[in-house]
Trainee: 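First the structure, then my questions, so here it is.
A note on names: the letters A, B, ... follow the listed sequences, proteins ahead of strands, and every chain is numbered from 1.
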Protein chains: 2
Amino acid sequence: MVTVDRMALGKDYATQECSIARALEVVGERWTLLVVRDALYGVRRYNDFLVHLGIPRAVLSARLKTLTEVGVLEKRRYQQAPPRDEYVVTERGIALWPALRALALWGRENLQETQLRSFRHADCGTELGPYGECPACGTVVPVADVVLMPGPGLDPDPADPVSRALLKPKRMLEPLEAGPV
Amino acid sequence: MVTVDRMALGKDYATQECSIARALEVVGERWTLLVVRDALYGVRRYNDFLVHLGIPRAVLSARLKTLTEVGVLEKRRYQQAPPRDEYVVTERGIALWPALRALALWGRENLQETQLRSFRHADCGTELGPYGECPACGTVVPVADVVLMPGPGLDPDPADPVSRALLKPKRMLEPLEAGPV
DNA sequence: TCCCTTGGTTCAGTGACCGAACCAACGGTG
DNA sequence: CACCGTTGGTTCGGTCACTGAACCAAGGGA
């Protein structure tokens, strides 16, 4: 019996002296980055994450808990009776935007045939360049000034209310109004 | 009995219409992004990946196979007798650099206490800015012009030869000369 | 002949993920 | 007041990916 703690399988990269490994220990598990993506899109409520992601409930609960603990999300009571909480993305979560945008760009250029969505500068409607800048304005665009635009490759009649809400242009970070199922 | 193919557990996000999900199906599995990171650092040989990552051999074989199939790495014979292959990062793999750099930055700013490594512009030695640009030169720096610099937080006497080689400044992409174990 | 290097494959065990069922607090309705 | 619907979970049995250790094989060199 050694005193070394049993390393949880599949969670950390103990031997790696590397900031990327540290980051992946937090956001590298299955579903985690998609939860953060949805949070940046404005999804805040348990049920909206659930139906939009199609994720097992136990896994969603675990991810929301971890992300709250590391300060990427903040659990906040939005109504008292009955008590209801929502998960709002924090500054630390917003700081993941460059990584997510880079991944989206890579996926679109290398794996995706049809254009699904685009990220545009709210002020002028120009699509963001490869480094998150607005080519027309010449400035780096903060997430709050980005609009998520639907593209031609999307299913025009999706089953879940979150996907339906995202068929219209949507300002990032603003809470998403998901209709009934 | 439905005709729908059994979805492999833990690999794809079938319901997601999203470039990020497509990207994560390829690079979202455990270890994968660290393999790509090492490839960008100049690691090319099976044994070097193995000792540097501390990854199970079966998983390394699987990841190298998948990454080769999707065109992120290229398997190339570097000597005939005895026959030996190496894995070299392709243009498609290099295109993952912005995502990895963004993740590294996030990990360092949010999770890491000590500075482990920094990415600097080879021409002038300036540390890269948050969007991969050189603040001094005002240009976006391609990976080939980035130097990986060791920082004060690193173990000064690591066990594996790859970590030892990375204690000296190292130009990205150039093949890494790992000494004997 | 024997051993070493390199680059793998095989296999049993473990734990993360899966989906379905269940639970609980509260409000509204008949 | 009984009952139902909404929201936000927890529990549980089964499956599959990851783990680590052992094994394998094609050469080269002593």
Trainee: Across the strands shown, which category fits B:Val59 at heavy-atom distances under 4.0 angstrom: base, sugar-phosphate, nothing?
Mentor: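 The residue B:Val59 makes base contact.
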Trainee: When only distance counts, do a donor and an acceptor, one from the side chain of B:Arg45 and one from the base of C:dT6, lie under 3.5 Å apart?
Mentor: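 For B:Arg45, whose side chain was compared with the base of C:dT6, there is no donor-acceptor pair (under 3.5 Å).
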Trainee: Nearest-nucleotide wise, let me know which of B:Ser61 and A:Arg63 is further upstream toward the 5' end of DNA chain C.
Mentor: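 Taking each residue's closest nucleotide, the earlier one in sequence belongs to B:Ser61.
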Trainee: Given C:dG19, D:dG27, D:dT7, which nucleotide is nearest the side-chain atoms of A:Asn47?
Mentor: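 When the side chain of A:Asn47 is considered, D:dT7 is the closest of C:dG19, D:dG27, D:dT7.
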Trainee: Tell whether B:Arg57 reaches the base of C:dG7 with its side chain through a donor-acceptor pair below 3.5 angstrom.
Mentor: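 For B:Arg57, whose side chain was compared with the base of C:dG7, there is a donor-acceptor pair (under 3.5 Å).
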Trainee: Is the closest basic N to carboxylate O distance between A:Glu174 and A:Lys170 below 4.0 Å?
Mentor: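 No, this pair does not count.
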Trainee: Under 3.5 Å, is there a donor-acceptor pair between the A:Tyr78 and A:Arg45 side chains?
Mentor: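 Yes, a side-chain donor-acceptor pair sits under 3.5 Å.
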Trainee: I'd like to know if the side chain of B:Arg120 pairs up with that of B:Ser118 as donor and acceptor (distance under 3.5 Å, no hydrogens or angles considered).
Mentor: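 Short answer, yes.
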Trainee: From the list D:dT19, D:dG9, C:dG8, which nucleotide is the closest neighbour of the side chain of A:Tyr87?
Mentor: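 Out of D:dT19, D:dG9, C:dG8, the nucleotide with an atom closest to A:Tyr87's side chain is D:dG9.
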Trainee: Check whether the ring centres of B:Phe49 and B:Trp31 lie less than 6.0 Å apart, and answer yes or no.
Mentor: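 Ring-ring flag for B:Phe49/B:Trp31: false, centres at least 6.0 Å apart.
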Trainee: Looking across every strand, which nucleic acid part, if any, lies under 4.0 Å from A:Phe49 by heavy atom: base, sugar-phosphate, or nothing?
Mentor: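 Contact class for A:Phe49: none.
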Trainee: Taking the nucleotide of DNA chain C with the nearest heavy atom to each, does A:Gln80 or B:Pro83 sit closer to the 5' end?
Mentor: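 Result of the comparison: B:Pro83.
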